Amino acid sequence: MAEFLQLVFSGLTVGAVYALVALGFTLIYNASDVINFAQGDFVMIGGMGTVFLAAAGIALPLAALMAIVAAVIVGLLLHRLAIEPARGASPVALIMITIGASIFIKGVAQLVFDKQFHSLPAFSGDAPIALGGATLLPQSLWVMGVALALFVALYLFLEKTLLGKALRATAANRLAARLVGVNVTIILALAFGVSAAIGAIAGVVVTPITLTRYDVGTLFALKGFAAAMVGGMGHPLGAVVGGLLIGLLEAFGAGYISSTYKDAVAFVVILLVLFFLPRGLFGGRTVERV
Amino acid sequence: MLGRLLRARYATLFLLAAIMIAVPYLAPSAFYLRVAAVVWVFALAALGLTILMGYAGQVSLGHAGFLGLGGYAVAIGPARFGLDPVLCLFLGAALAGALAFLVGRPILRLKGYYLAIATLGFGVILALVFHSESDWTGGPDGMAVARVTVFGTRLAGAATWYWVTAGALLIGAFLALNIEASPTGRALKALHDSEVAAAGAGIDVGRKKLAAFVIGAIYAAFAGGLLAAMNGLITPDAASFMHSIELVAMVIIGGLGSVLGAVVGAAFLVVLPQALTVLQEYEQAVLGLLIMVFMIFLPAGIVPTLRKWLLERLS
Amino acid sequence: MGTTVSRRWALRAVALAAFMTSAAFAADPVKIGSVVSATGPAAFLGDPEAKTLKLYVEELNKKGGLLGRPVELVLYDDGGDANKARTFATRLIEDDKVVAMVGGTTTGTTMAMIPVFEDAKIPFISLAGAIEIVEPMRAFVFKTPHTDKTACQKIFEDMKAKGITKIGMISGTDGFGKSMRNQCLKVIGEYGITVLADENYGATDSDMTPQLNKIKNTAGIQAVLNPGFGQGPAIVTRNYAQLGIALPLYESHGVASKSYVELAGPAAEGVRLPAPALLVVDKLPADDRQKAIGSAYKAAYEKATGQPVSTFGGYGFDGIQILTQAIARAKSTDPQKIRDAIEATKDYVGVTGIYTMSPTDHLGLGTDSFRMLQIKGGDWVMEAK
């Protein structure tokens, strides 16, 4: 039982990170149909930015805030300078642009920062909390808490605010949204900005656990994308469930099956899920438009 | 005249052959032949994706897995079973085709990004097997490939491999052009535009997609086998997610659905890093920037845009 | 107007600079090649190597170069990709016409490049760990890092001395971790030690509690060994503390860098590992032969880069130093003569160890080049002999 609980803790911590990245994917996808492969790099900017600003003598909370703002600026620039000028291009071309952006951001990051791994001090110390024979780091609670808070905030934003409704309207039908007076350009910029913020916040809270480096974004993008897809692309709840599911699968895969093949365990389950639910867990059964 | 040439089916082939003959005369050293050979190999793999993505409109983010499979076939066959490396090249391609046939059925029911993640997962699993089964594959540091002997001559040196890979690509391009013009190719293009409409027109969508997937896998495996034999080594990195992305990037940058586009895209991503070494630390940033700039200004890819421009100028 | 003036000035400055260099170094430069993984998964190793090589060549040229000629370092970054490494190796030989090469960060990239250098008969000093690089012997291939086998032997010697006979292992699945795991399993029998739990983790994993939990729940384990490099061991160390495992933890020479201690934080307290003298150079007795060279390298590297010195940069330092000394001894840039001179390297005191190469040994380091260190108070402490 203690072992099981330990694996659950591990899976939920890692899964919460994936969920946060997946939420970022979801938001941009909803607004623009684009899979933003630079999403993971926002996580890196959040983490690395905070590390270097803190090292420059800025207090940690302020450093984190500045890093998040920096990521939002990068997100807005990505939209303004790369996505917006390519308006009308096919989704594959847009995805290619985000892949180029991801390479570019990594290239700049290794110049601005460095190529070493870095860490941040845990927000509430390193003393593990004992729970039912297993242990949990306080930082894990931070990660899960922040993931939950961001999910709720995003949900409320999308469901309850006018701006959020405009964003969903844009996602559903861009032309119709434009006809009823939604400024699609601003909505898209908003999606990129908020996604960048979510990614960067994730980066700040997970760096004390996972460590960070200029190129950690690739892995986060890979896992976050998988999480968003298994949950059902475009569904915030799906993103969270998908992220936690992959995190738990990896933990149980490593704990009970084979630590060498834990990633394979996760992907086999993803393939099985998609086999039975071709649009992910929460994707429903939309019929393809002719 | 030029306009007719641009529209002729085998114009691509002649252009490609002309370039292949010209390069050795222009190359100042064998290094340039080596780079060109790498371009030909990756172009071959990208051609497979062109058939899958460009003709049939199906994305694969796990294509490097087949590349790796072909590479390991050429490494493992001779080392563990004493088979002839050239035979293994074909065995690897056959194996990749068979595997694609098996996994293709369930996977290809998925659409769009769901297909992307499924193929990605498949590629990751393959890469993980190559990485982990050290007894067979040599593990993360890879496995040496015995030097290839054909009719008593050992294939070694950049010049030799230049011609071997160029020949392979030429054959691959010839076949791809024929597939494009065949009824299957036309059916694939129809389902690219709309699966529902294609099905309505009596096309067996599932079978055609599967055919494209299998052909794409065979191309990639063949390229992987050549790469491994040329390098004398195969590492699990060849099958990695990043290489799958790279193959997709080649197809899109060069021009989706264009045979010449696959070659241009491969050249773009193989030659550019070599050219950018003068920038040292700025290399990666500039590479990323160039990919973005090209996609923003040539969203349809280099070759189709250029072709369209030429045709407009001529008419 | 303004632009033309500044352009003219710029041209003059370039001309002047060119004139001055040609006056100082009338002869052609000695071209030394290098392909390292300065980016990608092995950047942890390749980055300090690249920085060290650049620094060394810069310093060397300030002192007048080699054989009265300037030294030119042609450095390429393979990003950890074996195929790219091979292309760059071809480029170094065919296009840049280098006389020798120091590089090859990982075993994979090294193995991809070896045939190119062997065919061209150009000496190649590798900076990668695995023993396959020099066993079987190849005429033109050398290496400077300790093999993982010697690291295993050093660790097992220490365990044996402490009466440890049953251990758990948790290894990285990257090239370094996997190769070391295999080497350790090969020699472990000689020390009467058995492995009761053998776990793995991926190089980019961010949580190893599931694997460590299994080790924790395996009865009879007296110590844990973690072959790996990069951020993995730092996370293993933290998770180890999180789970409250009280057994001794042994790390490998792959973490022998101050950044490991910083990343792992207080959890690193008490960790043991084999490492070259470079890490404890300040604490070496004054009569230690490696003290002078180690201190000088450490000071120069840390001043130039602002980063703590690591053993990986040290491998690069020894590689290029062995090479330049060989070129000086050979009084020639003929690759065959350089090769012979490298092979004749005798009693070279480096930062990694003391090297004596021979026609049957292209590494020339023994287990005594490793020191057993322990982390105490956030710093390395030498184990009493």
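The chains referred to below are lettered A, B, ... by the order of the sequence lines, with proteins before strands, and numbering in each begins at 1. Keep in mind the model is a prediction, meaning the values are calculated, not measured.
- B:Leu61 touches chain A through its side chain: at least one heavy atom from C-beta onward sits under 4.5 Å away, while N, CA, C and O do not.
- When heavy atoms are compared at a cutoff of 4.5 Å, B:Leu256 approaches chain A solely by way of its side chain, counted from C-beta outward.
- Interface remark: A:Ile97 contributes backbone and side-chain atoms alike to the contact with chain B (heavy atom separation under 4.5 Å).
- The shortest non-hydrogen separation linking A:Ala93 to B:Pro299 is CB-O, 3.6 Å.
- The shortest non-hydrogen separation linking A:Ala82 to B:Met292 is CB-CE, 3.7 Å.
- Heavy-atom distances place both the backbone and the side chain of A:Tyr261 under 4.5 Å from chain B.
- The most heavy-atom pairs under 4.5 Å with chain A, out of B:Gly200, B:Gly121, B:Ala116, B:Ala127, come from B:Gly121.
- Note: B:Val129 leads B:Val59, B:Asp193, B:Val129, B:Leu298 in heavy-atom pairs under 4.5 Å with chain A.
- Atom-to-atom distance recorded for B:Glu283:CD and A:Gln110:CD is 9.0 Å, nearest 0.5 angstrom.
- The two residues B:Leu110 and A:Leu274 come nearest to each other via the heavy atoms CD2-O, 3.5 Å.
- When atom types are taken as modelled, the side chain of B:Tyr114 and the backbone of A:Leu277 share no donor-acceptor pair closer than 3.5 angstrom.
- Considering CD1 of B:Ile107 and CZ of A:Phe275, their distance stands at 10.5 Å, rounded to 0.5 Å.
- Rounding to the nearest 0.5 angstrom, the gap separating the CE atom in A:Met96 from the CD1 atom in B:Ile245 is 7.5 Å.
- To the nearest 0.5 Å, atoms CE (B:Met242) and CG (A:Leu222) are separated by 10.0 Å.
- Applying a 4.5 Å heavy-atom cutoff, the residues of residues 246-254 of chain B that approach chain A are B:Ala249, B:Ile252, B:Ile253.
- Nearest heavy atoms, A:Thr260 versus B:Ser132: CG2-OG, 3.2 Å.
- Proximity of a side-chain donor or acceptor of B:Tyr113 to a complementary backbone N or O of A:Asp33 within less than 3.5 Å is detected.
- For the pair B:Leu120 and A:Phe225, the minimum side-chain heavy-atom distance is below 4.5 Å.
- Neither the backbone nor the side chain of B:Val103 comes within less than 4.5 Å of any heavy atom in chain A.
- Proximity to chain B (any heavy atom under 4.5 Å) is shown, for A:Ile35, by both the backbone and the side chain.
- Looking at A:Val230, there are no atoms closer than 4.5 Å to chain B (heavy atoms on both sides), in backbone or side chain.
- Between chain A and the residues B:Leu290, B:Leu289, B:Ile291, the most heavy-atom pairs under 4.5 angstrom are made by B:Leu289.
- Note that CD1 of A:Ile270 and CD1 of B:Ile117 are 6.0 Å apart. Values are rounded to the nearest 0.5 Å.
- Open room surrounds CZ on B:Phe101; 12 or fewer heavy atoms of other groups in view lie less than 6.0 Å from it.
- Proximity to chain B is limited to the side chain of A:Ile95, based on heavy atoms less than 4.5 angstrom apart.
- By the 4.5 Å heavy-atom criterion applied to side chains, A:Val268 and B:Ile125 are counted as neighbours.
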